Amino acid sequence: MDIKELMEKLENEFEDVEKGTIQPETNFKALGEWNSMLALIIIALIDIEYDVKITGDDLRAIETVNDLYQTVTERMEK
Amino acid sequence: MAFFSIQHIDIKGIAAAVPKKKESNWDYDQLTTAEKKLLIKYTGVESRRIATEGITTSDLCFHAAEKLIKSLNWNKEDIDILIFLSQSSDYYLPATSVILQHRLGLPKNCMAFDINLGCSGYVYGLSVISSIMSASSLKKGLLLMGDVSSVSCSKEDKSTYPLFGDAGTATALDLDNSAGKMTFQLNSAGSHHKSIIIPDGGLRNLVSKDSFTVKQVSDGIKRADINLALNGLDVFDFCITEVPKSIKAFFELNGTQEKDYDHFLMHQANKLMNETIRKKLKFKPEKVPYSIQQFGNTSSASIPLTIVTQMKEQVENNFVNLLLAGFGVGFSWGIGSLSLKNIACPELIEI
């Protein structure tokens with residue numbers, strides 16, 4: 001997995017987001033108004049695509065796409 | 001571990017009733033248009049049926065049961081057991097099942113009792129009634145279940161109100177030596193009991209004036225302690241992990257795989273959660289029917305309501321092998337497998 005792939009998957013998931021707008025430093029909280037719903041979408045995506053479990057608490061600590069990428073890769077290695 | 005099989009009990013018919021009154025989430029005025037789009041896409045709930053004042057869960061179940069008994073041409077005198085499974089009973093006491101025994105005109109020697117469960121209810125309820133019938137050789141049984149959840153949700157709570165719909169169902173079971181086996185695996189995690197809760201009104205927090213005080217919990221969430229509170233993130237986290245895990249364990253214990261089932265019927269919780277579970281178990285979309293779009297989360301009624309509204313012709317005319325999963329409030333969850341063959345499945349009733 002690389003971060004480009006993760007960014008593409010996130011862009012595909014959020015249909016209102018234009019292609020190319022998600023960057024490693026993009027802050028999730030700027031992607032939409034409804035954080036709780038956004039969190040569920042990201043948890044589901046990561047679980048299905050990478051078989052990695054992230055929680056609501058993880059997401060509260062995560063700010064950017066790069067943070068998410070780091071968390072997911074760390075857990076994939078375990 | 002609660003894993004067991006029951007022999008010689010056959011499901012003969014399933015019926016469901018919903019209130020006539022329909023509410024669309026496009027008309028839910030607590031959300032912006034963008035939020036409505038997001039809500040409908042990810043929860044899957046576009047419209048719901050709402051009981052008007054005076055309609056109870058037992059009313060919906062009563063109509064479903066009456067129609068089912070007629071379709072099956074059953075003699076009411078032969079019904080030995082009635083179970084009402086719900087978290088919205090008529091009264092604090094007596095048990096609603098006993099009221100239904102009389103209202104349905106069932107004989108006095110019919111045993112009747114209530115079970116207090118929600119989203120896991122269909123699997124749990126089937127396991128209880130089939131166990132009793134099989135162990136005691138009772139001939140005919142009625143399992144009535146559902147909820148009117150709309151009365152307990154605060155209209156100003158976007159995390160609950162647009163999700164839940166009202167429904168009541170009836171399932172008819174018969175002692176039949178030629179019936180295939182039903183298999184169940186049942187679970188509980190009471191450590192999460194606060195994740196879906198109506199805090200006030202029971203003995204732990206007696207109802208008081210304060211129970212009705214509406215508080216702003218967070219943005220878009222205003223409710224009182226007499227209302228349903230839902231920690232969506234906790235439910236989601238738990239269910240997408242534990243439900244697939246339990247189903248995989250069930251496959252192993254039961255010696256079956258995904259391909260042995262014609263359909264996988266899940267409690268209709270929310271589309272994103274159910275789709276995550278489906279994808280993790282690698283079930284094809286065409287094997288997993290949904291009723292959530294038109295009816296919302298209907299608690300314990302959701303599996304039988306999905307059968308009646310999405311699989312009627314199939315279950316009336318064919319033999320289908322089903323995998324069932326109910327999960328939610330408690331947390332309580334159960335996995336079951338059974339087959340349906342040419343059952344009675346009357347048209348959805350609207351009250």
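The structure presented is a predicted model; accordingly, all values stated were derived computationally and were not measured.
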Decide side chain to side chain donor-acceptor pair (under 3.5 Å) for B:Ser211 and B:Asp225; before the verdict, give the C-alpha distance in whole Å, the side-chain angles of both, and the deciding distance to 0.1 Å. CA-CA 5 Å; B:Ser211 306; B:Asp225 287 337; over 6 Å; no
Listed pairs under 3.5 Å, donor-acceptor, residues 189-199 of chain B side chains, sequence neighbours left out:
residue: B:His192; atom: ND1; partner: B:Asp234; partner atom: OD2; Å: 2.8
residue: B:His193; atom: ND1; partner: B:Gly190; partner atom: O; Å: 2.9
residue: B:Ser195; atom: OG; partner: B:Asp234; partner atom: OD2; Å: 2.3

Please state whether the side chain, the backbone, both or neither of A:Leu45 comes within less than 4.5 Å of a heavy atom of chain B. neither
What residues of residues 65-74 of chain A sit under 4.5 Å from chain B when you count only heavy atoms? none
ring-ring contact (aromatic ring centres under 6.0 Å, His included) involving B:Phe283 - partner list, sequence neighbours excluded: B:Phe264
Restricting to ring-ring contact (aromatic ring centres under 6.0 Å, His included), what partner residues turn up for A:Tyr50, sequence neighbours left out? none
Do the charged groups of B:Glu258 and B:Lys282 touch, with an N to O distance under 4.0 Å? no
Mind telling me whether B:His267 and B:Phe327 have parallel, tilted or perpendicular rings, with 30° and 60° as the class edges? perpendicular
